[in-house]
**Student:** 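Quick one: structure below, then a few questions.
Computed from heavy atoms alone, side chains included, the values below leave out hydrogens, waters and symmetry copies. In what follows, chains carry the letters A, B, and so on, assigned in the order in which the sequence lines appear, proteins first and then strands, with residues in each chain numbered from 1.
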Amino acid sequence: MPELPEVETTRRGLALKLEGRRITRIEARRPDLRFPLPKNFAKSIQGRRVEALERRAKYILIRLEGDLVWIIHLGMSGRMVMRQGWPNDIGAHDHVIFGTDEGWAVTFNDARRFGMMDLVAGSKLAAHKLLAGIGPEPLDDAFTAKVLLEALKGKKAPMKAALLDQTVVAGLGNIYVCEALFRAGIHPEKLAGQVKPAKLELLVPAIKAVLTEAVKAGGSSLRDYVQSDGELGYFQTRFRVYDREGEACVTCKAGVRRIVQSGRSTFYCGRCQK
DNA sequence: CACACAACCTGTCAGC
DNA sequence: TGCTGACAGGTTGTGT
């Protein structure tokens with residue numbers, strides 16, 4: 001469930017062992033993930049020093065020496081696992097493995113293979129088709145109720161769908177949209193363009209709070225999510241509505257409901273969210 | 001253009 | 001125990 005907090009947790013874990021190090025070995029064990037890997041993928045990365053690890057939306061950006069950026073998306077099931085020493089137990093879904101001059105190895109494992117990787121010149125990063133058009137970072141000060149109001153103006157999509165739209169705001173996924181709408185008391189089926197500014201004044205801080213708490217907790221451990229150091233995240237114990245169909249609302253004790261919107265489960269409290 | 005929905009791929013779990 | 005269907009964190013492409 002890599003949403004922003006899980007991607008950020010992964011980025012931080014990787015940064016500890018990669019920044020400043022040289023990638024001495026890399027193997028792509030198949031030619032494609034969701035899309036084909038770029039030409040000379042492994043060859044282009046091998047031997048370069050890692051300058052910095054950054055994140056934009058749900059993408060991890062590894063800046064390599066020589067003005068090259070390695071773009072990584074974890075998709076639905078992608079994970080990065082770090083270990084000391086080259087792995088000797090490589091699994092069927094361990095698609096990319098790379099190691100540093102200090103002997104750390106990172107395995108990109110992705111059963112469903114919805115993940116993606118690409119390489120782009122640093123000077124062309126912002127224009128890359130995966131990143132162009134992505135909305136504001138929700139944790140930036142520039143993401144305000146006023147900005148969100150403008151982005152939602154005239155939208156007839158329900159709030160649930162609007163917040164999942166990465167061009168409206170970056171990094172939210174199914175879980176944190178549900179959680180943020182609950183915290184702000186906004187019904188997920190409310191049409192985005194009709195939500196009152198006063199509600200958005202509650203929603204923006206709610207988004208920032210739920211993401212900040214989740215990052216602080218090290219991401220969520222829903223299903224099999226593992227941080228880069230192998231520790232399970234533990235934010236899932238704090239979900240208030242997600243995956244809690246039929247349970248009592250933490251605020252009013254009414255039953256949490258589950259509906260399907262644009263093909264995905266939405267959880268909400270029909271009494272607290274209007 | 002905006003929006004809804006299917007598709008991509010594999011694993012897991014509930015129910016029979 | 002084995003089979004089937006529903007469902008899972010995301011994004012893109014197609015159709016209306």
Side-chain angles (χ1 to χ4, degrees), chain A residues 1-11 29-37 55-60 71-81 91-95 108-118 128-135 138 150-180 188-194 210-211 214-215 217-228 232-239 241-246 258-267:
Chain A
M1 126 192 68
E3 298 182 36
L4 186 152
E6 293 71 38
V7 177
E8 177 60 18
T9 298
T10 299
R11 183 197 70 78
R29 308 188 53 81
R30 56 176 302 133
D32 61 321
L33 295 170
R34 171 162 190 171
F35 304 116
L37 293 170
R55 179 190 58 73
R56 174 75 172 108
K58 299 169 192 169
Y59 293 90
I60 291 170
I71 303 175
I72 300 173
H73 195 294
L74 302 175
M76 288 277 256
S77 55
R79 288 172 290 171
M80 292 285 194
V81 180
H93 304 304
D94 294 338
H95 304 309
F108 173 76
N109 174 284
D110 183 10
R112 293 179 74 178
R113 226 182 308 132
F114 289 167
M116 31 191 142
M117 293 189 186
D118 202 2
H128 191 281
K129 69 173 185 197
L130 292 174
L131 300 175
I134 286 185
E150 196 61 32
L152 298 180
K153 190 173 287 182
K155 274 202 174 291
K156 290 176 180 170
M159 275 304 277
K160 171 68 184 309
L163 293 181
L164 283 176
D165 182 347
Q166 301 295 296
T167 70
V168 169
V169 56
L172 293 179
N174 204 39
I175 292 176
Y176 296 105
V177 166
C178 291
E179 293 295 306
E189 290 177 306
K190 184 88 177 176
L191 299 190
Q194 296 179 3
V210 73
L211 293 178
V215 168
S220 147
S221 64
L222 185 65
R223 303 250 185 290
D224 54 2
Y225 183 72
V226 184
Q227 296 177 43
S228 50
L232 285 175
Y234 54 87
F235 188 75
Q236 72 168 354
T237 57
R238 300 191 202 167
F239 292 157
V241 285
Y242 184 82
D243 203 24
R244 298 188 56 169
E245 181 182 13
R258 172 182 175 276
I259 57 175
V260 174
Q261 291 179 286
S262 42
R264 325 225 14 217
S265 290
T266 297
F267 300 88

**Student:** Counting any heavy atom closer than 4.0 Å, what does Gly263(A) reach on the DNA or RNA strands: base, sugar-phosphate only, or nothing?
**Tutor:** nothing
**Student:** Counting heavy atoms from C-beta on, name the nucleotide in dT12(C), dA8(C), dT10(B) closest to the side chain of Phe35(A).
**Tutor:** dT12(C)
**Student:** Among dA8(C), dA4(B), dT11(C), which nucleotide has an atom closest to any side-chain atom of Ser265(A)?
**Tutor:** dA8(C)
**Student:** Look at the side-chain N and O atoms of His93(A) and state whether any lies under 4.0 Å from the OP1 or OP2 oxygen of dC9(B).
**Tutor:** no
**Student:** Has Phe114(A) got its ring stacked on dC8(B), by the test of a centre gap below 5.5 Å and a plane angle below 30°?
**Tutor:** yes
**Student:** dA2(B), OP1 or OP2 - any side-chain N/O from Lys156(A) closer than 4.0 Å?
**Tutor:** no
**Student:** When you measure from the side chain of Leu130(A), which nucleotide among dT12(C), dA8(C), dG11(B) comes out closest?
**Tutor:** dT12(C)
**Student:** Could you state the CD-P distance from Gln194(A) to dA2(B), rounded to the nearest angstrom?
**Tutor:** 17 Å
**Student:** CZ of Arg79(A) to CG of Asp110(A): how many Å apart, nearest 0.5 Å?
**Tutor:** 9.0 Å
**Student:** Within the structure, does a side-chain N or O atom of Gln166(A) lie under 4.0 Å from either OP1 or OP2 of dT11(C)?
**Tutor:** yes
**Student:** Is the closest side-chain heavy-atom distance between Asp32(A) and Arg30(A) below 4.5 Å?
**Tutor:** yes
**Student:** Nearest of dG11(B), dC7(C), dC9(B) to any side-chain atom of Arg112(A)?
**Tutor:** dC9(B)
**Student:** Which of these nucleotides, dC9(B), dC3(B), dA8(C), is closest to any side-chain atom of Lys155(A)?
**Tutor:** dC3(B)
**Student:** Whole Å only: how far is the CD atom of Gln261(A) from the P atom of dA8(C)?
**Tutor:** 13 Å
**Student:** So, OP1 or OP2 of dG10(C): does either fall under 4.0 Å of a side-chain N or O from His73(A)?
**Tutor:** no
**Student:** How long is the line joining CG of Asp110(A) and P of dC9(B), in whole Å?
**Tutor:** 12 Å
**Student:** Side-chain N or O of Arg113(A) versus OP1/OP2 of dT10(B): is the shortest distance under 4.0 Å?
**Tutor:** yes
**Student:** Which of the following nucleotides, dT11(C), dC7(C), dC3(B), is nearest to the side chain of Arg264(A)?
**Tutor:** dT11(C)
**Student:** Taking a pair as Watson-Crick or G-U wobble with both distances under 3.5 Å, which nucleotide is matched to dG2(C)?
**Tutor:** dC16(B)
**Student:** Is there a Watson-Crick or G-U wobble partner for dA8(C) with both distances under 3.5 Å, and if so, which one is it?
**Tutor:** dT10(B)
**Student:** Round to a whole Å and report the spacing from CZ of Arg34(A) to C1' of dT10(B).
**Tutor:** 15 Å
**Student:** Please state whether the rings of Phe108(A) and His95(A) are parallel, tilted or perpendicular, taking 30° and 60° as the class boundaries.
**Tutor:** tilted
**Student:** Taking CZ from Arg258(A) and P from dC7(C), how many angstroms apart are they, rounded to a whole number?
**Tutor:** 5 Å
